[in-house]
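The structure appears right after this line, and notes come after that.
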2 protein chains.
Amino acid sequence: MARTAGSHSDITGPRVLDAALRLFARHGYAAVSMRQIAKEVGVQAGALYNYTPDKQSLLFDLMRRHMDDLLASRAKRRRTGSALEKLEDFTRFHIRYHLDRSDEVFIAYMELRNLTPENFAEIEALRREYENELEAILRQGEEEGVFAPADTRIETMAVIAMLTGVTTWYRVEGRLSADEVERIYWDMVRKAVSV
Amino acid sequence: MARTAGSHSDITGPRVLDAALRLFARHGYAAVSMRQIAKEVGVQAGALYNYTPDKQSLLFDLMRRHMDDLLASRAKRRRTGSALEKLEDFTRFHIRYHLDRSDEVFIAYMELRNLTPENFAEIEALRREYENELEAILRQGEEEGVFAPADTRIETMAVIAMLTGVTTWYRVEGRLSADEVERIYWDMVRKAVSV
DNA sequence: AATTTAACTGAACATTCGTTCAAATCAAAG
DNA sequence: CTTTGATTTGAACGAATGTTCAGTTAAATT
């Protein structure tokens, strides 16, 4: 065969996902057309179908990648230590990760209802897996007696909601550095779950 | 004139907004067509335009009503007392209100980007007004010395994000009553901002 | 230089979109 | 019962939607 795999495809391919990511985050999945994505890439709409079977797959791929990357990044972090240490690690990781990938996070939380039922189930399972990591830490803390006895499932949801909310107001050019934000949120989380 | 103002209009009118509310909450503004709304009401699409100038106004009216109602409901609550009392009141109010109006709340947080710039500015101002109520309480608490000195603006955003997150998992037929949820969240909020 | 084929264009497809409007319908007033 | 006008229908509008595909372009192999 002439021409090795992808001469432009290894350039255009990623750009398609990049453009879809940015546009979906800005205007929402349903409000973005394939022609808008194509224009952003600098190509005609038909060419997109060399890189995705359909629009839905574009959304699903972005979410799937995000969740895989989130779980993989999390897995690299320390696993041992006290519940308090683990919670601080989780908190700082979550804040930093979400600040660094605001578009991906935004889509992952806003566009769930635009997934087909099967795709939704798959993403939801990954999200649940991530939440379970936090819940395990909270339970360990209860057993150690450093965290207040409480409904750990609700605590989990409350903490994650609080932390993820940082993406709605944080701006890199703003008043606070990511380090300061990490510290402020860690302060609140620690107190919220402690005895 | 024959026929006093609205013989069906006082029935159909509210039903249009009701249907739009439910459908927007379930599938998102951009994914819902005027024909879907009309079908839900039991009417042809053209008839909707007796009750709204266009689709955008439907979304804006829902948001505007929601924010007005939120601020009015909040204004009815107690204004005096210690910062701790006020914070408990705010927390319980917010949780209860958001559990009771999950569709409205969902739209108000998810569909902001589908508002025209002018409409967005108006809704955003009302939201800011609501946030400022909480921030004032947190500042009073700092002055009283019962709340830890902190960045009250970020604390505000963090607390509201945490509380509003309740809508993502709470189900009326679920394990916990609204009262229990109120108490659990109040526990976390109190500890999170206290010294 | 000739050949091969991946990458892309540009037009077309059947639907669906928000919106308009003349005509039909129908409940209340005279 | 007739009149009146609010209410709704049903068809139509141009534009936009996701997707397909025959044909063109151009890069890499022979």
Side-chain angles (χ1 to χ4, degrees), chain A residues 1-21 23-24 26-63 107 111 113-119, chain B residues 1-21 23-24 26-63 107 111 113-119:
Chain A
M1 53 198 142
R3 193 183 235 178
T4 57
S7 55
H8 284 178
S9 75
D10 50 356
I11 302 175
T12 307
R15 289 192 59 191
V16 170
L17 277 181
D18 266 16
L21 172 69
L23 288 172
F24 287 168
R26 189 117 53 226
H27 306 109
Y29 172 78
V32 172
S33 72
M34 294 299 270
R35 284 171 181 83
Q36 285 177 58
I37 298 172
K39 183 172 229 176
E40 189 92 351
V41 176
V43 103
Q44 292 296 318
L48 298 182
Y49 291 84
N50 291 322
Y51 306 99
T52 182
D54 47 37
K55 191 187 176 191
Q56 167 73 202
S57 299
L58 231 36
L59 178 61
F60 177 65
D61 278 3
L62 287 172
M63 287 214 195
I107 289 177
E111 303 295 353
R113 61 184 166 183
N114 285 312
L115 291 173
T116 62
E118 314 83 52
N119 287 346
Chain B
M1 48 188 152
R3 195 182 236 179
T4 56
S7 54
H8 284 177
S9 76
D10 50 357
I11 302 176
T12 306
R15 289 192 57 190
V16 170
L17 277 180
D18 266 16
L21 173 68
L23 288 171
F24 288 168
R26 188 117 52 226
H27 305 109
Y29 172 78
V32 172
S33 72
M34 294 299 270
R35 284 172 181 83
Q36 285 176 58
I37 298 173
K39 183 173 230 176
E40 189 93 352
V41 176
V43 103
Q44 291 297 316
L48 298 182
Y49 290 84
N50 291 322
Y51 306 100
T52 182
D54 47 37
K55 192 187 175 191
Q56 168 72 202
S57 300
L58 231 36
L59 177 61
F60 177 66
D61 278 2
L62 287 172
M63 288 215 194
I107 290 177
E111 303 296 352
R113 60 185 168 181
N114 285 312
L115 291 173
T116 62
E118 313 83 53
N119 287 346

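Everything numeric here is computed off the predicted structure, so don't read it as measured data.
Salt bridge absent: B:R26 and B:E40 never bring a charged side-chain N and a carboxylate O closer than 4.0 Å. A salt bridge is absent between B:E111 and B:K55: the closest approach of a Lys/Arg side-chain nitrogen to an acidic carboxylate oxygen does not fall below 4.0 angstrom.
Closest-nucleotide positions on DNA chain C for A:L48 and A:R35 were compared, and the one nearer the 5' end corresponds to A:L48. Nearest-nucleotide positions on DNA chain D for B:Q44 and A:K55 put B:Q44 closer to the 5' end. In terms of position on DNA chain C, the residue among B:V32 and A:A47 whose nearest nucleotide sits closer to the 5' end is A:A47. Heavy-atom distances to DNA chain D give each of A:G46 and A:Q36 a nearest nucleotide, and the one nearer the 5′ end belongs to A:Q36.
For the pair B:Q56 CD and C:dC17 P, the computed distance is 18 Å after rounding to whole Å. Between the NZ atom of A:K39 and the P atom of D:dA16 there is a distance of 11 Å, given to the nearest Å. B:I37 has its CD1 atom 13 Å from the C1' atom of C:dT19, to the nearest Å. Rounded to whole Å, the distance from CE on B:M34 to C1' on D:dT8 is 15 Å. Rounded to an integer number of Å, the gap from CZ of A:R15 to P of C:dC8 is 10 Å. Residue A:Y49 contributes atom OH, which lies 11 Å from atom P of D:dT17 at whole-angstrom precision. Going from atom CG of B:D54 over to atom C1' of C:dG18 covers 9 Å, rounded to whole Å. Going from atom CG of B:N50 over to atom C1' of C:dC21 covers 12 Å, rounded to whole Å.
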| task | Go through the steps for A:F24 and A:I37 under the test side-chain contact (heavy atoms from CB on, under 4.5 Å), then give the verdict. | result | CA-CA 9 Å; A:F24 287 168; A:I37 298 172; 4.1 Å; yes
| task | Begin with the C-alpha distance, continue with both residues' side-chain angles, and end with the deciding distance and a verdict on side-chain contact (heavy atoms from CB on, under 4.5 Å) for B:I107 and B:L59. | result | CA-CA 9 Å; B:I107 290 177; B:L59 177 61; 3.8 Å; yes
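The shortest distance between the side-chain N/O atoms of B:T12 and the OP1/OP2 oxygens of D:dT7 is not below 4.0 Å. In terms of phosphate contacts, A:Y51 brings a side-chain nitrogen or oxygen within less than 4.0 Å of OP1 or OP2 of C:dC8. OP1 and OP2 of D:dA16 both lie 4.0 Å or more from every side-chain N or O belonging to A:S33.
Looking at B:Y29, its side chain never comes within 3.5 Å of a backbone N or O of A:A31 through a donor-acceptor pair.
Note on A:V41: nothing from the nucleic acid sits closer than 4.0 angstrom, heavy atoms only.
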